[in-house]
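Working notes, structure below.
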Amino acid sequence: MWMKTEVRSYWLNSMLKIALPVLENLANDNLKERLPNTNPSCHKNALLEAFGRTAYGISPWLELEGLTGEEKKMQESCRKLFHKALANATDPKAKDYMIFGGDEDERQPLVDAAFLCSALVRAQNSLVNNMDGKTKEQLIRCLMITRRIRPLDNNWVLFSAMVETGLSLLGGDYDKNRIRNYVCKMLGWYKGDGLYGDGEIFHFDYYNSFVIQPMLLDIMNCFKDMEQEMLPVVLQRSKRYAAILERMISPEGTYPIVGRSVCYRFGAFQTLSQMALYHSLPEELTPAQVRCALTAVIKRIMEGPCIFDENGWLITGFCGYQPDLGERYINTGSLYLCTTVFLALGLLQEDPFWSDEAQPWTSQKLYSGQNMAADKAIKL
């Protein structure tokens with residue numbers, strides 16, 4: 001049985017093992033040189049994918065105040081790395097200057113500009129307020145380029161809404177009507193029992209956790225005057241989806257490998273980790289059981305067949321190197337969406353999520369014969 005402090009250390013070390021190659025190389029302006037080219041057809045977007053998605057996952061930890069000791073030193077170091085990385089990513093003179101728009105049929109930069117903006121939403125003090133003026137101007141110019149990209153009629157509408165949200169935080173020219181319209185469009189695709197369609201059609205995959213639920217909450221929390229009557233409803237839907245995700249974790253820490261983008265690995269549990277971060281878990285889940293369930297998932301992947309190459313970069317697959325699991329849009333940078341499982345590191349060690357005694361999660365309870373209330377759908 002692990003000590004509770006050891007569990008947090010394990011999470012932190014796992015997150016940094018994934019994130020540091022991206023941050024350190026970009027801060028040194030050599031990410032373009034070193035990021036493996038595993039899919040030449042879309043590698044030109046890999047830099048922004050790696051950076052935006054890494055920032056998306058680690059930002060709550062970067063924002064956290066009150067850390068001490070070695071973790072605080074590491075946090076301060078990573079904050080500095082982020083700002084150096086962002087300066088290079090948005091500087092046209094840097095080797096690692098990133099593509100935020102291009103040919104008319106090139107849409108991908110919108111996606112990862114949005115993930116980068118989500119990081120700003122989640123870390124407004126450490127990332128936005130501490131951003132130097134030159135970098136802020138560069139980033140605003142880069143985000144404005146993405147406006148040329150028309151979102152697809154699915155979860156992509158949230159990418160456009162999130163870029164506008166990022167512009168608002170940076171003091172740039174933003175379109176609140178675009179945010180409202182796209183949020184309303186996404187809300188209109190709700191299918192029931194805590195799940196949204198990816199457009200009009202429902203897809204059985206993890207995009208409710210990769211994108212839809214987290215971005216809806218982040219955007220609506222930034223604009224509390226917009227559709228305010230819907231925010232409690234959206235939150236309740238996310239709670240229900242978090243409960244579903246927790247029930248999908250087996251007693252052994254495995255979960256169903258279903259749908260597209262499974263190479264994002266344990267990023268599939270972003271919504272569950274986000275609800276823990278917000279202290280908004282459903283009543284039937286305790287923070288400790290969620291911690292234990294997510295730790296089991298993280299361990300299952302991190303300690304299974306190697307997910308890193310010889311230089312520490314993530315490799316395409318789910319549990320090991322499984323290139324046939326990678327869709328045509330998957331490159332090395334894409335894989336860093338897995339960092340979103342670590343959102344709960346934005347809670348201090350003293351928080352019940354980390355400090356409460358270990359508890360079994362739902363599937364462990366049921367498979368051990370424990371009696372429990374039946375699961376129920378929600379009506380809203």
Q. Do Y190 and F202 share a hydrophobic cluster, counting only Ile, Leu, Val, Met, Phe, Trp and Tyr and linking them when any side-chain heavy atoms are less than 4.5 Å apart?
A. yes
Q. Does N39 use its side chain to pair, donor to acceptor, with the backbone of I330 at less than 3.5 Å?
A. yes
Q. If we only count heavy atoms from C-beta on, is the T362 to L366 side-chain gap below 4.5 Å?
A. yes
Q) Side chain of N331, backbone of C42: donor and acceptor closer than 3.5 Å? A) yes
Q | Co-membership, hydrophobic cluster, residues V233 and L281, 4.5 Å side-chain | A | yes
If you look only at distance, which donor and acceptor atoms sit under 3.5 Å apart when one is on a side chain in residues 372-380 and the other is two or more places apart or in another chain?
residue: D375; atom: OD1; partner: R240; partner atom: NH1; Å: 2.9
residue: D375; atom: OD1; partner: R247; partner atom: NE; Å: 3.4
residue: D375; atom: OD2; partner: R240; partner atom: NH2; Å: 3.1

Q | Shared-cluster residues of Y367, by chain and number - hydrophobic side chains joined below 4.5 Å | A | none
Show every donor-acceptor pair shorter than 3.5 Å between a side-chain atom in residues 260-269 and any protein atom, with sequence neighbours excluded, or say none if there are none.
residue: R260; atom: NE; partner: D205; partner atom: OD2; Å: 3.3
residue: R260; atom: NH2; partner: D198; partner atom: OD2; Å: 2.4
residue: S261; atom: OG; partner: Y207; partner atom: OH; Å: 2.6
residue: S261; atom: OG; partner: Y329; partner atom: OH; Å: 2.7
residue: Y264; atom: OH; partner: R53; partner atom: NH1; Å: 3.2
residue: R265; atom: NE; partner: G317; partner atom: O; Å: 3.4
residue: R265; atom: NE; partner: F318; partner atom: O; Å: 2.8
residue: R265; atom: NH1; partner: I315; partner atom: O; Å: 3.1
residue: R265; atom: NH2; partner: I315; partner atom: O; Å: 2.9
residue: R265; atom: NH2; partner: G317; partner atom: O; Å: 3.1
residue: R265; atom: NH2; partner: G320; partner atom: O; Å: 3.2

Q: Could you pull out all residues at least two apart from T135 that satisfy side-chain hydrogen bond (donor to acceptor under 3.5 Å, both in side chains)?
A: D132
Q.
Between N28 (side chain only) and N30 (backbone N and O only), is there a donor and an acceptor less than 3.5 Å apart?
A. no
Q) So, for M186 and G197, which heavy atoms are closest and what is the spacing to 0.1 Å? A) CE-O, 3.1 Å
Q. How long is the span from the OG atom in S160 to the CG atom in N181, to the nearest 0.5 Å?
A. 11.5 Å
Q.
Which residues pass the side-chain hydrogen bond (donor to acceptor under 3.5 Å, both in side chains) test with T165, not counting sequence neighbours?
A. none
Q | Residue pairs involving residues 153-167 (criterion salt bridge (charged side-chain N to carboxylate O under 4.0 Å, His left out); sequence neighbours excluded) | A | R147-E164, D153-K185, E164-R178
Q: Identify, with sequence neighbours excluded, every residue that meets salt bridge (charged side-chain N to carboxylate O under 4.0 Å, His left out) alongside K95.
A: none
Q. Should F204 and Y196 be counted in the same cluster of Ile, Leu, Val, Met, Phe, Trp and Tyr side chains packed under 4.5 Å apart?
A. yes
Q. Would a distance-only check, ignoring hydrogens and angles, find a side-chain to backbone donor-acceptor pair under 3.5 Å from D91 to A87?
A. no
Q: Compare every heavy atom of H43 with every heavy atom of P36, then report the nearest pair and how far apart it is.
A: O-CE1, 3.4 Å
Q. Looking only at atom types and distance, does a side-chain atom of N88 sit under 3.5 Å from a main-chain N or O of A27, one as donor and one as acceptor?
A. yes
Q: Give the minimum heavy-atom separation between L158 and M215, together with the two atoms involved.
A: O-SD, 4.1 Å
Q: Using the side chain to side chain donor-acceptor pair (under 3.5 Å) rule, take E350 and S355 through it: C-alpha gap first, then chi angles, then the decisive distance, then the call.
A: CA-CA 6 Å; E350 296 76 23; S355 63; over 6 Å; no
Q: Would you please indicate if the ring centroids of W11 and W354 are separated by under 6.0 Å?
A: yes
**Q.** T340 to S273 - nearest heavy-atom pair and separation
**A.** O-CB, 4.2 Å
Identify each donor-acceptor pair in which a side-chain atom of residues 113-123 lies under 3.5 Å from a protein atom, sequence neighbours left out, and give them as a table.
residue: S118; atom: OG; partner: A114; partner atom: O; Å: 3.2
residue: R122; atom: NE; partner: D218; partner atom: OD2; Å: 2.8
residue: R122; atom: NH1; partner: Y56; partner atom: O; Å: 2.9
residue: R122; atom: NH1; partner: Q270; partner atom: OE1; Å: 3.1
residue: R122; atom: NH2; partner: D218; partner atom: OD2; Å: 3.2
residue: R122; atom: NH2; partner: Q270; partner atom: OE1; Å: 2.8

Q.
When you measure from the centre of the six-membered ring of F223, is the NZ or CZ of K176 closer than 6.0 Å and no more than 45° off the axis?
A. no
**Q.** Pair E76 + K73, salt bridge at N-O below 4.0 Å
**A.** no
Q.
Between M275 and V290, is there a side-chain heavy-atom distance shorter than 4.5 Å?
A. no
Q) Is there a donor-acceptor pair under 3.5 Å between the side chain of Q75 and the backbone N or O of W61? A) yes
Q.
Tell me whether W361 contacts the main-chain N or O of S250 through its side chain, where contact means a donor paired with an acceptor under 3.5 Å.
A. yes
Q. Can you tell me if Y336 uses its side chain to pair, donor with acceptor, with the backbone of L314 under 3.5 Å?
A. yes
Q. For F82 and F51, what are the C-alpha separation, side-chain angles and deciding distance, and is it a ring pair (Phe, Tyr, Trp, His ring centres under 6.0 Å)?
A. CA-CA 9 Å; F82 173 86; F51 182 43; 5.5 Å; yes
Q: Check the pair T332 / T38 against side chain to side chain donor-acceptor pair (under 3.5 Å), numbers first and verdict last.
A: CA-CA 6 Å; T332 302; T38 54; 3.0 Å; yes
Q) Is a side-chain N or O of N45 found less than 3.5 angstrom from the main chain of P109, in a donor-acceptor match? A) no
(Q) I'd like to know if the side chain of R300 and the backbone of G253 have a donor-acceptor N/O pair within less than 3.5 Å. (A) no
Q | Spacing of CG belonging to L169 relative to CG belonging to N129, to within rounding of 0.5 Å | A | 9.0 Å
Q. E71 and R8: side-chain contact (heavy atoms from CB on, under 4.5 Å), yes or no, with the steps?
A. CA-CA 10 Å; E71 185 174 349; R8 183 181 177 87; 2.7 Å; yes
Q) Would you say Y321 and L337 are hydrophobically clustered, going by side-chain heavy atoms of ILVMFWY under 4.5 Å? A) no
Q: Hey, could you give me the CZ/CZ distance between R148 and R107, rounded to the nearest 0.5 Å?
A: 14.5 Å
Q | Under the side-chain hydrogen bond (donor to acceptor under 3.5 Å, both in side chains) test, residues paired with S238 that sit two or more places apart | A | Q213
Q. Are I257 and F210 linked, directly or through other ILVMFWY residues, by side chains that come within less than 4.5 angstrom of each other?
A. yes
Q: Apply salt bridge (charged side-chain N to carboxylate O under 4.0 Å, His left out) to E137 and list each qualifying residue two or more places apart in sequence or on a separate chain.
A: none
(Q) For Q289 and E246: C-alpha separation, side-chain torsions, deciding distance, then whether side-chain contact (heavy atoms from CB on, under 4.5 Å) applies. (A) CA-CA 9 Å; Q289 79 180 78; E246 192 269 352; 3.0 Å; yes
Q) What distance do S363 atom OG and I249 atom CD1 have between them, rounded to the nearest 0.5 Å? A) 7.5 Å
Q: Find the distance between OG (S126) and CD (E63) and round it off to the nearest 0.5 Å.
A: 4.0 Å
Q) Got a second to check how far T286's OG1 is from E284's CD, nearest 0.5 Å? A) 10.5 Å
Q | Set of side-chain hydrogen bond (donor to acceptor under 3.5 Å, both in side chains) partners for T271, sequence neighbours left out | A | S209
Q: Enumerate the residue pairs fulfilling ring-ring contact (aromatic ring centres under 6.0 Å, His included) with a member in residues 272-316, sequence neighbours excluded, ordered by first and then second residue.
A: none
